[in-house]
Chemist: 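The following block contains the structure, expressed as structure tokens.
Here the structure is a predicted model, which means the values were calculated and not measured.
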Amino acid sequence: MKEQLRLAIRAALDQCYSEESLNSGVSPDEIQLEIPKNPDHGDFSTNLAMTLAKPERKAPRKIAEVLVAALQGTPLCDKIEIAGPGFINFRLTAACWYEVLGQISTQGANYGRSQVGEGTKVQVEFVSANPTGPLHIGHGRGAVVGDAVASVLQAAGFDVQREYYVNDAGNQVQTLGRSILLRLRELQGEVIEFPEDGYQAPYVVDLATKLQTEHGDLKEMIENEAIELCSRFGVKEVLEWIEEDLKTFGITFDNWYSEKSLYDRDMVDQELAKLEEKGLSFKEDDALWLRTTEFGDDKDRVLIKSDGSYTYFASDVAYHMEKFDRGFNRVIDVWGADHHGYIPRMKAMLTGLGHPPEDLEVLLIQMVNLLRDGKPFIMGKRSGNFVTLKEVIEEVGRDACRFYFLMRRCDSQLDFDLELAKQQSSDNPVYYVQYAHARVCSINNNAAKSGVALPKLEDIDFSHLELAEELALVKQLARFPETVVSAALSYEPHRVIFYLQELAAQFHSYYNRYRVLVDDHATTQARLYLVNSVRTVLENALQLLGLSAPEQM
RNA sequence: GCGCCAGUAGCUCAGUUGGAUAGAGCAACGGACUUCUAAUCCGUAGGCCGAGGGUUCGAAUCCUUCCUGGCGCGCCA
């Protein structure tokens, strides 16, 4: 709808130039068309005349007059007006709007999908929590946002892969192994002194218990081998927990990428060699450094320490280089905001390799402050005092939890109060939206009971949808596809949440004021058709965000 | 000290990427169920968009200097 109008405006502009009623010849790449806040200003509005004022050296309103004259006779519009400092306001014909209902019906579950991504290969890497303990609430936020960003990109026509990077090679994994081994000895009656920096949480004891039944007491093994076995066992077990928790949260990955496999395949050395070849790294004080300062970082960074071991950064560099080797045009990383200091060095690395820095987009997820009755929980894996994601989902519910995380922009902090989330669950916005969907289903049931079948497009007489509220609903439905596109291009899935709330509000209001099933058959059919279009869009949007669309509540 | 993010109604947050009179939910107050589900709707009230300066036809939005809160600044992961 918007695009058709845009084409008409461009044609009019060209016409003005060929008639020499305008002379600058300036043709903007994209004609800005916005939906005015004030409905009196029409369905769409453009500032074109104002942007042309300078090159044309004429008053904006004069230019607008010329453009409007050229636009007369377009079948799309009822009314074209010049307003304010030089806006041109368009009101589209009702017939034009009702075409949207036809589109929704023919496209069904695909309504809202588009091809603006043109199949560009995008990878979204998210969660990627260390496999040393269960996911907590902060991971949950990153998980939901990453998943929703991936979904929204898919809907906009990008070719998306979801990946989880498993840090199964570092010191943390060693620490987990040592912790398990100590707990194992403790189980066998030894008195041990558990170190400060070990994992103190009770789940480590669970892991030790399970290991004992599967592998025995490990008394025959030498210490290093025992730790290695404990590490591998722990990582495997914890990853299963993580995968399971994410699954109950509705999240699955296309690929689990092991850091250890990078070393096993010698990838780290190979990628580092490429950097050396390009003169991007250098040796100093027995260590190997990456020259990131040349590309905007404030310090050069160590890849290989003077003792010969690799830094975490080394495998990260290799990992990201390999992402592009795998053919992704764009790579999106979802990180906790506490890692923001790593962005400059990662971008520097890519720039050095000749990639534009925009090829890597890092979404920073701000912290979640978990509260209960207004009191903060102290988080921290080692202290053992944390609430797992699993517990939160069980307590608050999957849909409410996802909705809550998606409601705010990811770069603002979030207070998550468990008691509040539960207490407010009856007027939690997620139920508000889902209720709208359930209500349409209920109308359908009642229609069926009184023998009214769901009408087909060709049976509808749209002249029976003459109420202002009905037209407004159709306009809101028409906005869904562009909402998805803007959410995708800006990596902001919360836009879809706000869209859903607006659509549900409009529907509830309409529902309260008018009846769908009335005596007049033609009106009933038209309204039934309209509310089912609403239902389709609600369902598509909910599904896009991994939320359920219940038929009754 | 340097850097990143945030600061909008009493609270939690939106604000179409620079547009017209700054919006919603919760909380407060007043109304609406013999009619398709009241998990709903209608109405009232609530603002120095953290502060100052700048950019232009036009700023909550852009540039700058401060203030407040959070998070980073290792040959840790």
Side-chain angles (χ1 to χ4, degrees), chain A residues 32-38 40-41 45-47 50-51 53-54 59-60 83-87 89 130 132 167 169-175 197 284-289 298-299 301-313 316 336-344 364 366-367 369 407-415 417 420 424-436 438-447 449-450 479 482-483 486 489-490 492 494-495 497-499 501-502 504-505 507-518 524 527-528 531 552-553:
Chain A
Q32 280 188 43
L33 263 188
E34 60 163 31
I35 298 170
K37 279 176 251 175
N38 186 340
D40 293 342
H41 296 146
S45 171
T46 183
N47 60 355
M50 282 135 87
T51 59
K54 208 169 247 179
F87 291 104
N89 296 336
N130 282 342
T132 51
N167 294 118
N171 281 336
Q172 302 288 354
V173 171
Q174 288 294 308
T175 305
D197 63 349
E284 193 178 290
D285 302 332
D286 293 329
L288 185 70
W289 298 71
D298 46 10
K299 256 189 90 178
R301 305 294 171 175
V302 171
L303 293 165
I304 302 179
K305 298 180 234 174
S306 48
D307 66 2
S309 64
Y310 297 85
T311 61
Y312 198 90
F313 183 51
D316 253 2
D338 52 343
H339 290 84
H340 71 258
Y342 295 79
I343 296 176
L364 293 176
Q366 281 290 347
M367 311 200 60
N369 301 311
M407 264 174 65
R408 340 180 113 63
R409 284 206 342 247
C410 62
D411 48 12
S412 55
Q413 291 183 33
L414 170 63
D415 286 342
D417 191 314
L420 216 63
Q424 290 186 343
S425 68
S426 61
D427 50 13
N428 191 312
V430 67
Y431 301 116
Y432 179 85
V433 173
Q434 291 178 327
Y435 187 48
R439 270 184 154 173
V440 179
C441 294
S442 173
I443 294 173
N444 287 343
N445 287 338
N446 284 297
K449 270 182 212 157
S450 50
R479 297 181 64 174
E482 62 201 74
T483 302
S486 81
L489 298 181
S490 59
E492 291 184 349
H494 75 274
R495 295 183 187 207
I497 289 281
F498 280 90
Y499 172 84
Q501 294 189 94
E502 276 173 38
F507 170 77
H508 282 308
S509 177
Y510 175 70
Y511 177 94
N512 264 273
R513 194 154 171 195
Y514 305 101
R515 284 185 59 86
V516 171
L517 306 175
V518 291
T524 297
R527 290 184 177 175
L528 202 48
V531 298
Q552 49 178 304
M553 293 174 69

Chemist: To the side chain of A:Asn171, which of B:C76, B:C75, B:G19 is closest?
Modeler: B:C76
Chemist: Is it possible for you to check whether A:Arg479 lies under 6.0 Å from the centre of the six-membered ring of A:Tyr499, through NZ or CZ, and within 45° of that ring's axis?
Modeler: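 Geometry flag: not set, cation outside 6.0 Å or 45°.
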Chemist: Return the nearest nucleotide to the side chain of A:Thr311; candidates are B:C71, B:C75, B:A6.
Modeler: B:C75
Chemist: Which value, in whole Å, describes the distance between the C1' atoms of nucleotides B:G46 and B:A27?
Modeler: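 These two C1' atoms come out 11 Å apart once rounded.
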Chemist: Would you say A:Tyr432 places a side-chain N or O within less than 4.0 Å of OP1 or OP2 belonging to B:C41?
Modeler: yes
Chemist: Check every strand shown and say whether A:Asn369 touches a base, only sugar-phosphate, or nothing at a heavy-atom separation below 4.0 Å.
Modeler: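 Answer is nothing: A:Asn369 stays at 4.0 Å or more from every strand.
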Chemist: Which is true for A:Tyr499 with a 4.0 Å heavy-atom rule: it touches a base, it touches only sugar-phosphate, or it touches nothing?
Modeler: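 Here A:Tyr499 touches no strand at all.
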Chemist: Is any NZ, NE, NH1 or NH2 atom of the basic residue among A:Arg408 and A:Asp411 found under 4.0 Å from an Asp or Glu carboxylate oxygen of the other?
Modeler: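 Looking at A:Asp411 together with A:Arg408, the answer is no, because their closest N to O distance does not fall below 4.0 Å.
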Chemist: Are A:Arg439 and A:Phe507 side-chain neighbours, meaning at least one heavy-atom pair lies under 4.5 Å?
Modeler: yes
Chemist: Want to settle it: does A:Asp307 or A:Ala505 sit nearer the 5' end of RNA chain B, counting the closest nucleotide to each?
Modeler: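 Its nearest nucleotide lies further toward 5', so the answer is A:Ala505.
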Chemist: Just checking A:Ser509: base, sugar-phosphate only, or nothing, at a heavy-atom cut-off of under 4.0 Å?
Modeler: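 It contacts sugar-phosphate atoms only.
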Chemist: Select one nucleotide: of B:U40, B:A14, B:A39, the one nearest the side-chain heavy atoms of A:Phe498.
Modeler: B:A14
Chemist: Would you classify B:C33 as syn or anti? Syn applies when the glycosidic angle is within 90° of 0.
Modeler: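 Classified syn.
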Chemist: Within this structure, what is the CG-CD distance for the pair A:Leu414 and A:Gln366, rounded to the nearest 0.5 Å?
Modeler: 10.5 Å
Chemist: Please work out if A:Ala436 contacts a base, only the sugar-phosphate, or nothing of the nucleic acid, heavy-atom cut-off 4.0 Å.
Modeler: nothing
Chemist: If we take the C1' atom in both B:U61 and B:G15, what is their distance in whole Å?
Modeler: 9 Å
Chemist: Would you mind telling me which of B:A20, B:A14, B:C75 lies closest to the side-chain atoms of A:His41?
Modeler: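 Given the options B:A20, B:A14, B:C75, the side chain of A:His41 is closest to B:A20.
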Chemist: Looking at A:Lys37, does any N or O in its side chain come under 4.0 Å of the phosphate oxygens OP1/OP2 on B:A20?
Modeler: yes
Chemist: Please tell me which of the listed nucleotides, B:C57, B:G15, B:G72, lies nearest to the side chain of A:Asp338?
Modeler: B:G72
Chemist: Do the side chains of A:Asn167 and A:Gln172 get nearer than 4.5 Å, heavy atoms only?
Modeler: no
Chemist: Kindly point out which of B:C4, B:A20, B:G15 is positioned nearest to the side chain of A:Glu34?
Modeler: B:A20
Chemist: Scan A:Ser450 against the nucleic acid and name what it touches under 4.0 Å (heavy atoms): base, sugar-phosphate only, or nothing.
Modeler: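 The residue A:Ser450 makes no contact with any strand.
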Chemist: Does B:C76 have OP1 or OP2 sitting under 4.0 Å from an N or O in the side chain of A:Lys305?
Modeler: yes
Chemist: Look at A:Lys299 and B:C75 and indicate whether a side-chain polar atom (N or O) is within less than 4.0 Å of OP1 or OP2.
Modeler: yes
Chemist: With rounding to whole Å, what would you report as the distance between B:G10 and B:G47 at their P atoms?
Modeler: 6 Å
Chemist: Between B:C49 and B:A60, how many Å separate the two P atoms, rounded to a whole number?
Modeler: 8 Å
Chemist: Should A:Arg408 be listed as having a side-chain N or O under 4.0 Å from OP1 or OP2 of B:A6?
Modeler: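 Checking B:A6 against A:Arg408, no side-chain N or O comes under 4.0 Å of OP1 or OP2.
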Chemist: Is any side-chain N or O of A:Ser490 closer than 4.0 Å to OP1 or OP2 of B:U16?
Modeler: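 Result: no.
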Chemist: Can you tell me the Watson-Crick or wobble partner of B:C26, both distances under 3.5 angstrom?
Modeler: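 Answer to the pairing question: B:G10, which forms a Watson-Crick or G-U pair with B:C26.
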Chemist: Counting the atoms with a prime plus P, OP1 and OP2 as sugar-phosphate, which does A:Asn512 contact under 4.0 Å by heavy atoms, base, sugar-phosphate, or nothing?
Modeler: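 Base, at least one base atom sits under 4.0 Å.
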Chemist: Measuring from atom OH of A:Tyr310 to atom CG of A:Leu288, what distance do you get when rounded to the nearest 0.5 angstrom?
Modeler: 9.5 Å
Chemist: Please state the C1' separation for the pair B:G25 and B:C62 - nearest whole angstrom.
Modeler: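 That atom pair is separated by 30 Å.
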Chemist: So A:Ser412, base contact, sugar-phosphate only, or nothing? Heavy-atom distance under 4.0 Å.
Modeler: sugar-phosphate
Chemist: B:C41 pairs with which nucleotide, Watson-Crick or G-U wobble, both distances below 3.5 Å?
Modeler: B:G31
Chemist: Can you classify the ring geometry of A:Tyr510 versus A:Tyr514 as parallel (below 30°), tilted (30 to 60°) or perpendicular (above 60°)?
Modeler: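 The arrangement is tilted - the two ring planes meet at 30° to 60°.
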Chemist: Is A:Gln552 touching bases, backbone alone, or none of the nucleic acid, heavy atoms closer than 4.0 Å?
Modeler: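 Answer is base: heavy atoms of A:Gln552 come under 4.0 Å of a base.
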Chemist: What I'd like to find out is whether the side chain of A:Val518 reaches to under 4.5 Å of the side chain of A:Arg527, using heavy atoms alone.
Modeler: yes
Chemist: Have a look at A:Asn47 and say if it touches a base, only the backbone sugar-phosphate, or nothing, with a 4.0 Å heavy-atom cut-off.
Modeler: base
Chemist: Mapping A:Phe87 and A:Tyr312 onto RNA chain B by nearest heavy atom, which one lands closer to the 5' end?
Modeler: A:Phe87
Chemist: Answer yes or no for this row: A:His339 ring on B:G72 base, centroids under 5.5 Å, planes under 30°.
Modeler: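 Here A:His339 fails the 5.5 Å or the 30° condition.
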Chemist: Would you classify A:His508 as touching base, sugar-phosphate or nothing, given that sugar-phosphate means primed atoms plus P, OP1 and OP2, and contacts are heavy atoms under 4.0 Å?
Modeler: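 Sugar-phosphate contact only - A:His508 comes under 4.0 Å of backbone atoms but never of a base.
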Chemist: May I ask you to verify if any side-chain N or O of A:Arg515 is less than 4.0 angstrom from the OP1 or OP2 atom of B:U35?
Modeler: no
Chemist: With a 4.0 Å limit, can you tell me whether A:Arg439 has a side-chain N or O closer than that to the phosphate oxygens OP1/OP2 of B:A38?
Modeler: yes
Chemist: Determine if the base of B:U12 is syn or anti; take syn to mean the glycosidic torsion is within 90° of 0.
Modeler: anti
Chemist: I'd like to know if A:Arg495 reaches the base of B:U17 with its side chain such that a donor and an acceptor end up less than 3.5 angstrom apart.
Modeler: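 Yes, a donor-acceptor pair under 3.5 Å.
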Chemist: Confirm from the modelled atom types if A:Asn89 and B:A20 form a donor-acceptor pair under 3.5 Å, side chain to base only.
Modeler: yes
Chemist: Could you work out the separation of B:G7 and B:A14 based on their C1' atoms and round it to a whole Å?
Modeler: 15 Å
Chemist: B:A24, OP1 or OP2 - any side-chain N/O from A:His494 closer than 4.0 Å?
Modeler: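 A:His494 to B:A24 OP1/OP2: no side-chain N or O under 4.0 Å.
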Chemist: Counting the atoms with a prime plus P, OP1 and OP2 as sugar-phosphate, which does A:Ala438 contact under 4.0 Å by heavy atoms, base, sugar-phosphate, or nothing?
Modeler: base
Chemist: Can you find a side chain N or O atom of A:Arg513 that sits less than 4.0 Å from OP1 or OP2 on B:A32?
Modeler: no
